[in-house]
Asker: 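Please see the structure below; I have some questions.
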Amino acid sequence: MSRDHSHGATTAPGSPAHDADAPFLELLARGAAAEAYDRPVLLARAEGGPEERIAALEHARLLALRVRAELEGRRRREAELSALFETAHDLAGPRDVDAVLQAIVQRARSLLGTDVAYLSLHDPARGDTYMRVTEGSVAARFQQLRLGMGEGLGGLVAQTARPYVTDDYFRDDRFRHTAAIDAGVRDEGLVAILGVPLTLGPNVIGVLFAADRRARVFEREQIALLGSFAALAAAAIDTANLLTETRSALAGLERANEIIKDRSAVIERASDVHDRLAELVLRGGGVHDVAAAVSHVLDKVVEFTDTAPADALEASRAEGHAVRHRDDWVAAVAAGGELLGALVLHGHPGLDPVDQLTLERAAMVTSLLLLARRSAAEAEQRVRGELLDDLLDAHDRDPRLLRERAARLRADLDATHVVLAARLDGVAPDADHEAAARRRLWAAASHLAATRRGLAAARDGGTVLLLPLEPGDSATELARRTALHLGGAVHETVTVGASGPVRDLAASPDTMVAGYEESRRCLDALSLLGRSGDGAAAEDFGFLGLLLAGERDVTGFVARTIGKVVAYDERRGTDLLRTLDAYFASGMSPARTKDALHVHVNTVAQRLERVGRLLGDDWQSPSRALEIQLALRLHRLTALPRR
């Protein structure tokens with residue numbers, strides 16, 4: 001039996017809602033195009049089918065398209081990582097450099113989905129660049145183009161050593177157009193072009209391009225991906241140059257036998273390193289595994305760290321080589337201009353050039369592994385955010401499907417949770433800094449949710465988290481720990497408001513919505529009270545908590561405020577509550593209180609002293625006195641017999 005959540009009725013097999021899934025499952029199974037998913041709905045309407053079935057088909061179509069998009073995205077990410085790993089493996093083997101460059105261009109074109117991809121190299125003798133490899137090109141004049149420094153988009157990339165992208169080449173005036181280059185581009189029919197530099201140290205040795213014959217906007221991830229391919233292409237060329245130089249040196253040396261033996265040992269060691277690194281990539285090893293493998297082969301201490309000396313790290317990133325720092329060698333681990341850490345070889349100031357090259361290759365493989373791990377983590381973060389969005393927005397979701405989706409993310413929607421609303425409270429200098437800070441907050445929250453078997457999503461200018469509440473823990477303590485953790489992770493002031501415990505999230509979607517609204521009210525209250533960087537739940541605000549909480553916990557407020565006095569009266573048969581009532585009614589005057597109670601003033605003083613020991617020395621402060629008076633009135637109301 002399945003359930004139609006738009007009406008809350010049970011649907012048997014063979015009913016319209018049940019049958020609506022079948023055509024879309026078939027389309028998913030055979031990998032049909034997106035437009036094919038409209039056909040079942042159009043056919044049902046053309047046949048004059050009932051509205052119930054058409055509505056079921058529309059709902060099933062939307063779900064099927066979402067599943068198709070998710071599958072396409074995963075296939076695309078897997079293809080990108082596979083291509084990068086295959087290219088890295090090509091570099092480890094004895095393949096011809098032309099074959100490696102051709103494979104890089106082919107994979108770049110395939111993964112970016114462009115019409116054309118091509119690679120140009122610098123010609124030192126003529127001072128310009130020439131086409132080395134093309135894929136998808138049909139125009140002979142285009143394939144023979146030469147670009148001077150600063151000419152065309154490629155010339156600008158070569159001159160500035162920075163990526164450039166244009167969504168309409170002939171309307172872009174940032175670079176110098178020439179008749180020859182424009183004619184070649186026009187022959188090829190190109191419109192949108194992305195170019196990234198191939199760099200060896202501070203020198204640009206060429207440019208890798210991806211281009212379309214239609215207007216197109218290249219995303220940041222696509223630019224970074226092409227940059228990774230460019231780094232691999234530069235490495236292939238560098239390797240080829242190194243082999244050429246080695247052969248030339250061997251030919252010119254008189255002691256050929258000794259040099260051949262020496263080079264044979266070097267190549268064997270380099271091959272051992274490449275084999276080990278390729279194996280690590282293929283079996284999904286980590287960055288510390290790379291450091292251990294290089295340490296073993298070089299017989300030196302190598303470690304991965306993100307706290308290398310800043311000047312050495314920046315010099316290595318800029319030059320593209322390992323650099324010496326005192327008695328150590330530092331090789332930057334970078335991708336797309338972003339520093340991810342460093343491999344540090346300790347205690348060998350006189351490092352052999354081949355060992356230095358091995359360290360640099362290991363740093364490149366390390367960057368690929370980190371990018372792969374980041375890509376996988378970001379994919380999981382998006383899935384967690386989508387599930388949390390569905391819990392907040394899509395009230396007609398099937399509880400069984402929600403539980404299954406949560407289980408795949410190691411989350412349990414039947415457990416008791418707390419909804420937390422987190423927000424940055426610092427003042428950003430501009431919109432870019434604020435957007436970057438929000439991205440860091442979302443990333444930190446997603447990581448926390450993944451490690452705590454919870455969920456996280458960016459929402460309403462901040463971040464919302466759904467975290468399980470462990471036995472013996474409280475919403476308040478969880479909010480404070482979360483504020484402290486996120487603030488430390490993003491190096492900003494982060495304030496966190498929490499709901500009370502929420503349960504049955506899959507079956508009762510309104511519970512999730514109410515919990516989120518309560519957490520946001522607590523977040524706003526913290527800001528109004530000047531408690532930025534803190535975390536709190538409704539129960540922390542005294543009588544204000546009654547207004548902030550989604551459900552008015554009158555009994556809990558009374559117990560927290562005067563519960564000790566109530567318990568004392570019940571155990572001892574005293575009149576402390578009655579004395580408090582009279583004391584506040586008499587304007588907090590002991591003399592008028594004793595008249596109202598018809599007791600001696602010393603009796604009043606003794607009772608008030610007992611109240612102070614039960615409630616604390618500050619019980620007569622204005623804020624505490626207000627809460628106690630409110631609690632006394634609520635206690636009288638809850639104690640009245642019901643009619």
Side-chain angles (χ1 to χ4, degrees), residues 374 376-394 402 405-406 409-411 413 415 417-428 430-469 473 475-502 505 509 511-528 531-538 540 548 550:
R374 175 189 290 182
E378 289 177 350
E380 180 176 336
Q381 289 171 359
R382 283 193 293 272
V383 173
R384 289 180 182 275
E386 289 170 359
L387 176 56
L388 186 53
D389 284 335
D390 285 348
L391 287 171
L392 286 168
D393 298 330
L402 289 174
R405 289 170 61 189
L409 297 170
R410 302 177 299 282
L413 295 184
H417 288 74
V418 172
V419 184
L420 303 125
R423 184 171 63 203
L424 293 165
D425 278 343
V427 179
D430 54 50
D432 289 341
H433 283 79
E434 182 177 357
R438 288 182 178 178
R439 285 193 296 271
R440 292 198 304 272
L441 175 61
W442 174 75
S446 297
H447 178 73
L448 176 62
T451 57
R452 286 290 312 277
R453 298 179 180 269
L455 304 173
R459 200 173 184 89
D460 298 325
T463 301
V464 56
L465 298 94
L466 181 67
L467 298 180
L469 186 64
D473 202 359
T476 296
E477 290 303 317
L478 183 57
R480 288 174 179 166
R481 289 198 306 271
T482 302
L484 185 64
H485 176 89
L486 296 180
V490 303
H491 305 294
E492 300 278 356
T493 300
V494 178
T495 308
V496 177
S499 72
V502 293
L505 295 173
T511 303
M512 179 68 194
V513 176
Y516 178 54
E517 292 175 351
E518 180 179 332
S519 67
R520 291 197 66 198
R521 288 195 294 269
C522 290
L523 179 61
D524 292 337
L526 285 169
S527 297
L528 290 172
R531 292 172 58 181
S532 295
D534 198 359
D540 302 311
L548 298 173

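Keep in mind that what you see is a predicted model, and the values were worked out from it rather than measured.
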Asker: Please name the pair of heavy atoms, one in Ser532 and one in Thr493, separated by the smallest distance, quoted to 0.1 Å.
Answerer: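 Here Ser532 and Thr493 meet closest at C-CG2, 3.9 Å.
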
Asker: Please report the shortest heavy-atom distance between Gly533 and Ala483, naming the atom on each side.
Answerer: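 Nearest pair, atom of Gly533 first, then Ala483: O-CB, 4.0 Å.
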
Asker: List the steps and the verdict of side chain to side chain contact (heavy atoms under 4.5 Å, CB included) for Glu492 and Leu441.
Answerer: CA-CA 9 Å; Glu492 300 278 356; Leu441 175 61; over 6 Å; no

Asker: Do you know the tightest heavy-atom contact between Val502 and Gly515?
Answerer: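 Heavy atoms only, the tightest pair is CG1-CA, 4.3 Å.
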
Asker: Drop me the distance from Arg405's CZ to Leu413's CG, to the nearest 0.5 angstrom.
Answerer: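 Going from the CZ atom of Arg405 to the CG atom of Leu413 covers 9.5 Å.
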
Asker: Working to the nearest 0.5 angstrom, can you tell me the gap between Leu469 CG and His417 NE2?
Answerer: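 Rounded to the nearest 0.5 Å, the CG-NE2 separation comes to 9.5 Å.
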
Asker: Using salt bridge (Lys or Arg N to Asp or Glu O under 4.0 Å) as the criterion, list what pairs up with Arg481, not counting sequence neighbours.
Answerer: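 Counting only residues at least two positions away or on another chain, Arg481 forms a salt bridge (Lys or Arg N to Asp or Glu O under 4.0 Å) with Asp473.
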
Asker: Taking only Lys NZ, Arg NE, NH1 and NH2, and the carboxylate oxygens of Asp or Glu, determine whether Glu517 and Arg520 approach each other closer than 4.0 Å.
Answerer: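 Salt bridge between Glu517 and Arg520, a charged N being under 4.0 Å from a carboxylate O: no.
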
Asker: Carefully, step by step, assess Thr476 and Arg480 under the rule side chain to side chain contact (heavy atoms under 4.5 Å, CB included).
Answerer: CA-CA 6 Å; Thr476 296; Arg480 288 174 179 166; 3.6 Å; yes

Asker: Test your reading of the model: is there a side-chain donor-acceptor pair from Arg452 to the backbone of Pro468, 3.5 Å cut-off?
Answerer: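 Indeed, once roles are kept as given, a pair shorter than 3.5 Å links the two residues.
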
Asker: Report yes if some heavy atom in the side chain of Thr495 is under 4.5 Å from a heavy atom in the side chain of Arg423; otherwise report no.
Answerer: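 Not in contact.
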
Asker: Output the distance between atom CG (Leu505) and atom CG (Leu402), rounded to the nearest 0.5 Å.
Answerer: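 The CG atom of Leu402 is 9.5 Å from CG of Leu505, to the nearest 0.5 Å.
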
Asker: Could you walk me through whether Met512 and Val419 pass the side chain to side chain contact (heavy atoms under 4.5 Å, CB included) test, one step at a time?
Answerer: CA-CA 8 Å; Met512 179 68 194; Val419 184; 3.9 Å; yes

Asker: Apply the test side chain to side chain contact (heavy atoms under 4.5 Å, CB included) to residues Val496 and Leu523: give CA-CA distance (whole Å), side-chain angles for both, the deciding distance (0.1 Å), then the verdict.
Answerer: CA-CA 6 Å; Val496 177; Leu523 179 61; 5.8 Å; no

Asker: Indicate the atoms forming the closest heavy-atom contact of Ala536 with Ala479, along with that distance.
Answerer: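 Between these two residues, the closest heavy atoms are N-CB, 3.6 Å.
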
Asker: Excluding sequence neighbours, so at least two apart, what forms side-chain contact (heavy atoms from CB on, under 4.5 Å) with Ala445?
Answerer: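 Testing Ala445 for side-chain contact (heavy atoms from CB on, under 4.5 Å), a comparison that skips the adjacent residues, returns Ala456, Thr463, Leu465, Leu486.
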
Asker: Which atom pair, heavy atoms only, marks the closest approach of Tyr516 to Ala421?
Answerer: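 For Tyr516 versus Ala421, the nearest heavy atoms are CE1-CB, 4.4 Å.
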
